[in-house]
Amino acid sequence: MKTLLKRDEKVFPICKYVSPGLTNYGWFGGSAGYLTDRTGYAVAVEASSSLQILFALFRLMAEPSSFTSLKSVRQPKLKRPIGLPLLPKGGGPELRWIGNENIEAPALAEDSKLMGHLRLLHSHALTYLFLHEIAHVIEGHIEFCRETKLKAARMRRQEHEEFLGKELRPLELLADQRGLYLAALHILRGLWANPSIKRKKEAAIEHLTLFGIATGIVSLVFERFFGDYSHPPASHRALYLRVGVHINLPAFDLSDVEIRSALNEGMQQASDAWDLLGWPRSRDVPEDIDRFLAPLIDVESRCVRPKKPPVLPGRNKSRRPDS
């Protein structure tokens with residue numbers, strides 16, 4: 001995480017004020033907020049996210065018809081449907097389940113290609129969580145969130161919840177936009193700096209697609225943990241990537257369209273694999289694109305990128321873990 005931050009300091013100087021780390025709430029996701037001494041920002045990934053991602057990856061890979069391009073050996077047919085265990089909030093003793101409550105861990109056929117991709121997807125998923133939280137800092141969402149909650153505190157309960165949902169929900173998609181930009185930048189930098197990779201454009205499309213798969217899986221898992229006003233479903237995240245996100249990196253031989261198409265292809269593969277196991281997910285896809293984008297454009301216009309941490313009165317607490 002520190003390596004990623006160091007690279008981003010040249011593009012986004014605010015990153016030099018960020019301290020990365022892990023939290024241990026026994027939950028899923030990440031968090032971002034002010035350091036308690038007010039000298040910078042704290043950005044963390046929830047430690048148990050690693051295990052939850054592995055739960056999903058192993059089961060999705062076990063389905064013979066999923067991710068066939070990532071395997072060199074066809075996986076054996078599943079004897080019965082498998083469910084996805086969800087970690088209990090706060091590290092409780094019992095797992096929750098979605099789908100079939102088959103508690104047996106799937107057995108994967110020996111496949112070095114599959115295991116290599118599984119490790120890479122696991123790394124990409126955790127990177128996505130981290131970069132998403134970094135994006136909240138870069139785009140001024142921490143400040144915006146603080147001001148929004150101060151305004152909401154003076155409202156009646158019903159108005160309070162409606163106001164927070166309207167103002168904070170767009171931040172998640174906006175953070176996706178910057179987070180995926182940073183992900184594409186890191187992937188392309190690494191490939192272009194490696195002299196042993198000759199067909200760089202093909203390699204870039206492959207790696208961006210893998211990152212899209214990881215992003216899609218994380219987004220789908222999020223639906224199971226955060227069904228509240230502030231977190232959009234995976235279908236909305238995928239739609240925003242298609243119609244609202246721009247990833248312009250002219251230093252590399254890929255267009256914005258090619259980058260987004262590769263990421264989208266990966267997210268679609270993740271959804272297809274999820275569906276093959278019969279796991280529930282939101283199917284909501286807004287048809288009115290202008291209406292879908294309007295609150296995002298509005299909130300984005302009111303967020304101000306910080307150049308350095310603000311001087312705040314009193315003690316500042318980090319936000320609870322979220323996407």
Side-chain angles (χ1 to χ4, degrees), residues 23-30 45-71 74-109 111 114-115 117-129 132 172 176 210-228 231-238 266-285 321-323:
T23 52
N24 190 28
Y25 294 118
W27 199 227
F28 181 76
V45 171
E46 169 59 35
S48 56
S49 299
S50 175
L51 179 59
Q52 183 63 66
I53 291 165
L54 285 175
F55 280 165
L57 279 173
F58 268 91
R59 285 159 175 79
L60 291 167
M61 290 292 189
E63 164 56 48
S65 302
S66 70
F67 306 122
T68 54
S69 65
L70 307 185
K71 304 169 181 175
R74 183 173 177 80
Q75 296 298 305
K77 185 176 180 180
L78 295 173
K79 295 179 181 178
R80 58 182 176 136
I82 54 176
L84 174 64
L86 300 176
L87 297 172
K89 188 172 184 178
E94 294 186 6
L95 295 172
R96 297 177 295 131
W97 290 82
I98 64 169
N100 186 284
E101 291 193 15
N102 176 2
I103 63 173
E104 295 179 10
L108 296 178
D111 183 348
L114 169 60
M115 295 310 295
H117 280 122
L118 194 147
R119 286 190 291 270
L120 185 57
L121 288 171
H122 179 253
S123 175
H124 280 342
L126 293 173
T127 299
Y128 164 70
L129 286 172
H132 179 99
E172 297 307 312
D176 275 355
L210 287 170
F211 199 92
I213 291 172
T215 299
I217 291 171
V218 170
S219 301
L220 289 161
V221 173
F222 260 120
E223 283 189 27
R224 302 300 100 200
F225 281 87
F226 298 95
D228 61 19
H231 291 78
S235 57
H236 286 208
R237 294 179 187 268
M267 292 185 76
Q268 185 59 54
Q269 287 187 36
S271 293
D272 291 344
W274 196 273
D275 292 343
L276 283 169
L277 293 178
W279 295 347
R281 66 179 178 92
S282 171
R283 306 284 176 162
D284 180 57
V285 179
D322 59 19
S323 60

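We're numbering straight along the sequence, starting at 1. The figures here come from the full heavy-atom set of this structure, side chains too, leaving out hydrogens, waters and symmetry mates.
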Non-hydrogen side-chain atoms of Val221 and Phe55 separated by less than 4.5 Å | no
Do side-chain atoms of Arg59 reach the backbone of Gly83 as a donor and acceptor pair under 3.5 angstrom?
-> yes
Are the side chains of Phe67 and Leu60 in touch, meaning some heavy atoms are under 4.5 Å apart?
-> yes
Indicate yes or no for a side-chain donor-acceptor contact from Glu63 to the backbone of Leu277 under 3.5 Å, with no hydrogens or angles considered.
-> no
Would you say Asp272 and Gln268 make side-chain contact, with heavy atoms under 4.5 Å?
-> yes
Check: Arg283 main-chain N/O paired with Ser235 side-chain donor or acceptor under 3.5 Å | no
Determine the minimum heavy-atom distance between Ala56 and Ile217, stating which atoms define it.
-> CB-CG2, 4.1 Å
Within 45° of the ring axis of Phe28 and under 6.0 Å from its six-membered ring centre, is that where the NZ or CZ of Arg224 lies?
-> no
Parallel, tilted or perpendicular: rings of Phe225 and Trp27 (30°, 60°) = perpendicular
Apply the test side chain to side chain contact (heavy atoms under 4.5 Å, CB included) to residues Gln75 and Leu114: give CA-CA distance (whole Å), side-chain angles for both, the deciding distance (0.1 Å), then the verdict.
-> CA-CA 10 Å; Gln75 296 298 305; Leu114 169 60; 3.4 Å; yes
What one should report as the nearest heavy-atom pair of Pro106 and Ala62 is CB-CB, 3.5 Å
Partner of Ser123 under side chain to side chain contact (heavy atoms under 4.5 Å, CB included), chosen from Leu126, Thr127, Leu121 = Thr127
May I ask you to decide if the ring planes of Tyr128 and Phe211 are parallel, tilted or perpendicular, using 30° and 60° as cut-offs?
-> perpendicular
Any idea which heavy atoms bring Trp274 and Ile98 closest together, and the distance?
-> CZ2-CD1, 3.7 Å
Distance, nearest 0.5 Å, that separates CG of Leu70 from CE of Met61 = 5.0 Å
